[in-house]
Amino acid sequence: MIKVNSLEWALGFYQALGFAKTGKKPIPAEGAGAFSPELIPLSIVRESLQKSLGLEGVSERVRCAWATDKDEAARKLYEDYHDNEWGVPLHEDKKLFEFLLLEGFQAGLSWITILKKREHFRAAFDDFDYHKIITYDESKIEFLMHNEGIIRNRAKIEAAIINAKAFLAVQREFGSFDKYIWGFVNHKPIINTFESIADLPATTPLSDTISKDLKKRGFKFVGTTIVYAFMQAVGMVNDHLTSCFKRNSSLAQSSQEFHKNTSLSRVMTEAEAKQSPFLAQKPTSSKVLCAVSGGVDSSVVAALLYRAIGENLIPVFVDTGLLRKGEREAVEKMFKENLKVPLITADASELFLSRLKGVLDPEIKRKIIGETFIEVFEKEAKKHNTKGEIKFLAQGTLYPDVIESVSVKGPSKTIKSHHNVGGLPEWMKFELIEPLRELFKDEVRALGRELGMPESMLMRHPFPGPGLAIRIMGEVNKADLDLLREADSIFIDELHKQGYYDKVWQAFCVLLNVRSVGVMGDNRTYDNTICVRAVEAIDGMTATFAHLPHDFLEGVSNRIINEVEGINRVVYDITSKPPGTIEWE
């Protein structure tokens with residue numbers, strides 16, 4: 001809608017586009033507006049209008065290559081669907097549900113089959129009323145199995161009922177399915193620029209993400225291929241080819257919006273600009289604080305933010321003295337050579353060890369480590385926040401962390417605690433930035449590769465926040481840490497050499513602080529015992545011990561005992577989770 005101030009202004013606008021008066025008499029119109037009771041006939045040559053809209057050379061309704069068929073009736077169905085529905089942003093829940101179910105029924109078939117049967121589907125499934133579909137019982141399923149107008153597939157019919165229930169659950173959680181599904185694209189269509197039908201993808205990382213989430217919410221027949229077809233159908237992605245008239249019409253709308261917001265607006269003069277109170281205030285840069293653990297999640301976050309805001313990122317890596325062998329050096333090297341991010345390292349190893357002295361209880365260990373970490377982190381942050389410059393806190397939250405409780409999209413929130421490092425001080429009320437909160441671990445690793453992270457860091461096993469402190473039974477001291485680091489390094493090295501590292505979910509050593517008698521050469525020994533632990537898991541919620549070959553374990557045991565002074569016995573943990581936990585403390 002364009003609001004005009006006069007009839008002359010309106011005429012001038014259309015004449016600028018190339019329209020001209022026809023010479024015919026004005027047409028009476030009661031609703032023409034306050035300034036004129038008539039409509040003035042105008043005309044324009046097709047080529048002139050195309051030129052004014054930037055559409056020169058488009059002389060016919062060229063459609064996307066898929067919208068055709070040898071059969072005239074099928075071609076008409078394709079063309080009508082293409083011209084009026086495909087790629088048009090759809091936000092009505094009932095229609096979104098219809099397309100979701102139809103895409104599921106289409107699996108393994110051509111879309112023209114669905115178009116031919118769509119009216120039969122609407123009649124059979126109560127006009128896709130999900131409130132009614134959830135009440136379907138076995139007798140209704142049998143009735144539908146005899147309906148020749150639809151695709152008679154029991155699994156797909158049962159999936160429709162299940163999907164109706166899941167659909168209602170999403171509505172209850174998000175207020176509408178529209179808010180949920182469009183949240184994945186920030187409520188704006190993705191505009192692609194494909195030149196041929198061969199360029200159209202069958203799946204994308206985003207469709208894979210949505211598919212995984214739908215499955216977790218109980219939806220059936222929602223593979224990544226089906227989801228991408230759904231995204232195309234409801235306009236979440238605009239995949240009209242560059243030669244298609246539908247794409248050009250979309251560009252024309254964009255062109256009109258552009259002109260409405262630019263050329264028709266008054267431009268501020270230079271004198272006015274100098275007097276503007278907004279321009280008189282110099283903007284102050286806000287800084288982002290990021291706790292770097294050295295793991296793939298926080299490292300990717302830091303790399304992304306540094307590319308976006310440069311020196312306004314404050315990436316802090318705390319050396320607790322509880323890290324694996326060579327870990328600090330590996331992290332610092334990765335940030336310097338691969339990610340090109342200036343990392344701030346706070347060496348607090350002596351402080352952590354002094355506070356853990358004499359502590360035996362695992363929970364007290366964790367509490368001391370958490371509180372000390374906050375203290376060191378806060379001290380480093382204050383160095384860069386003398387004038388309140390830090391406004392944001394970045395963390396590597398992944399989608400599985402929020403999938404059950406938090407909306408996929410949503411406003412940033414002010415926090416007092418960090419889910420990885422415990423409660424932050426009261427003054428650190430930063431806005432939260434979570435660039436990875438819509439990604440799964442495999443997608444974060446793929447992103448890390450694009451950013452230049454080395455494979456050795458990308459594929460590292462999970463490492464607990466308290467570090468090696470909870471892998472030493474009893475008091476933590478430097479001597480025991482050095483002993484554990486050496487044994488752990490040998491175990492990991494052998495896993496890499498024999499090709500087992502990437503086959504297990506997590507592997508490490510535990511220092512039991514249990515001494516036993518042994519024999520080294522001709523001498524009797526009374527030294528420590530190391531426990532070797534390796535598990536297979538998907539997400540760590542449950543786990544089974546890895547069935548590593550006996551000869552491999554024998555080789556690991558021999559190396560640890562021969563190369564690490566103070567160890568004379570190695571045992572292998574064959575406890576699954578549950579009943580045990582993966583870590584020992």
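As the structure is a computational prediction, the values presented were derived from the model and not from experiment.
For Asp199, there are no salt bridge (charged side-chain N to carboxylate O under 4.0 Å, His left out) partners two or more places apart in sequence or in a different chain. The side-chain contact (heavy atoms from CB on, under 4.5 Å) test applied to Ala308 returns no partner, not counting sequence neighbours. Thr581 is linked by a side-chain hydrogen bond (donor to acceptor under 3.5 Å, both in side chains) to nothing, counting only residues two or more places apart in sequence or in another chain. The side-chain contact (heavy atoms from CB on, under 4.5 Å) check on His496 picks up Ile492, Tyr501, with sequence neighbours excluded. Considering only residues two or more places apart in sequence or on other chains, Lys340 meets the salt bridge (charged side-chain N to carboxylate O under 4.0 Å, His left out) condition with none of them.
One N or O on the side chain of Ser211 and one on the backbone of Val222 form a donor-acceptor pair closer than 3.5 Å. Remark: the backbone N or O of Asp297 is not paired with any side-chain donor or acceptor of Arg445 at under 3.5 angstrom. No donor-acceptor distance shorter than 3.5 angstrom exists from the side chain of Asn192 to the backbone of Phe194, with no hydrogens or angles considered. For the pair Lys391 (side chain) and Gly388 (backbone), a donor-acceptor distance under 3.5 Å is present. In this structure a side-chain-to-backbone donor-acceptor pair under 3.5 Å is present from Asn385 to Ile390. Counting only distance, with no hydrogens or angles, the side chain of Arg533 and the backbone of Ile582 share a donor-acceptor pair below 3.5 Å. A donor-acceptor pair under 3.5 Å is formed between the side chain of Asn338 and the backbone N or O of Gly452. Listed for the Thr372 side chain is no donor-acceptor partner under 3.5 Å among the backbone atoms of Ile369. Between the Asn513 side chain and the Met473 main chain, a donor and an acceptor come within less than 3.5 Å of each other. Side chain of Ser207 to backbone of Tyr228: no donor-acceptor contact under 3.5 angstrom is found.
Of the residues listed (Phe184, Phe99, Phe167), the one engaging Phe177 in a ring pair (Phe, Tyr, Trp, His ring centres under 6.0 Å) is Phe167, and it is the only one.
In the displayed structure, Ile191 atom CD1 is contacted under 6.0 Å by more than 12 heavy atoms of other residues, nucleotides or ligands. Residue-environment remark: CD (Glu455) exceeds the threshold of 12 foreign heavy atoms within 6.0 Å. Shown here is Glu450, whose CD atom has no more than 12 heavy atoms of other residues, nucleotides or ligands within 6.0 Å. Within a 6.0 Å radius of NZ in Lys220, no more than 12 heavy atoms belonging to other residues, nucleotides or ligands are found.
Under 3.5 Å, the side chains of Ser286 and Glu389 contain no donor-acceptor pair of N or O atoms. For the 3.5 Å distance criterion, the side chains of Gln506 and Glu583 qualify, holding a donor opposite an acceptor. For the 3.5 Å distance criterion, the side chains of Asp319 and Ser349 fail to qualify, holding no donor opposite an acceptor. A donor-acceptor pair shorter than 3.5 Å can be found between the side chains of Tyr180 and Asp213. Side-chain atoms of Thr575 and Asp573 form a donor-acceptor pair, as typed in the model, at a separation below 3.5 Å. Looking at Ser576 and Thr544, their side chains never bring a donor and an acceptor atom within 3.5 Å of each other. With no hydrogens or angles considered, a side-chain donor-acceptor pair links Ser298 and Ser293 at under 3.5 Å.
Using a 4.0 Å cut-off between charged side-chain N and carboxylate O, Glu585 and Lys365 make a salt bridge. Between Glu486 and Lys325, at least one side-chain N (NZ, or NE/NH1/NH2) sits under 4.0 Å from a carboxylate O, which counts as a salt bridge. Taking a cutoff of 4.0 Å between a charged side-chain nitrogen and a carboxylate oxygen, Glu327 and Arg485 do not qualify as a salt bridge. By the 4.0 Å N-to-carboxylate-O rule, Lys503 lies too far from Glu536 to be salt-bridged with it. Salt bridge annotation for Lys379-Glu375: absent, with no cationic side-chain nitrogen under 4.0 angstrom from a carboxylate oxygen. Note on Glu332 versus Lys336: no salt bridge recorded, every NZ/NE/NH1/NH2 to OD/OE distance being 4.0 Å or above.
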**Request:** Check the pair Lys382 / Phe377 against side-chain contact (heavy atoms from CB on, under 4.5 Å), numbers first and verdict last.
**Result:** CA-CA 9 Å; Lys382 282 185 174 180; Phe377 191 63; over 6 Å; no
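At least one side-chain heavy atom of Leu436 sits under 4.5 Å from a side-chain heavy atom of Leu447. Side-chain contact between Val288 and Ile314 is absent, with no heavy atoms from C-beta onward closer than 4.5 Å. At least one side-chain heavy atom of Pro464 sits under 4.5 Å from a side-chain heavy atom of Arg471. In this structure, the side chains of Ile490 and Asp493 stay at 4.5 Å or more apart for every pair of heavy atoms. Under the 4.5 Å side-chain criterion, counting only non-hydrogen atoms from C-beta, Phe352 is in contact with Phe373. Contact of the Ile344 side chain with the Glu380 side chain is registered, since non-hydrogen atoms from C-beta on lie closer than 4.5 Å.
To the nearest 0.5 angstrom, Ile567 atom CD1 is 5.0 Å from Asn528 atom CG. Taken to the nearest 0.5 Å, the CG atom of Leu511 stands 11.0 Å off from the CG atom of Asp488.
Residue pairs meeting the ring-ring contact (aromatic ring centres under 6.0 Å, His included) criterion with at least one partner in residues 549-585, sequence neighbours excluded, are Tyr500-Phe552.
Nearest heavy atom pair, residue Val227 against residue Leu214, reads CG2-CD1, 3.9 Å.
When ring centroids are compared, Phe97 and Tyr130 come within the 6.0 Å threshold.
Taking the six-membered ring for Trp and thresholds of 30 and 60 degrees, His547 and Phe545 have nearly parallel ring planes, at less than 30 degrees apart.
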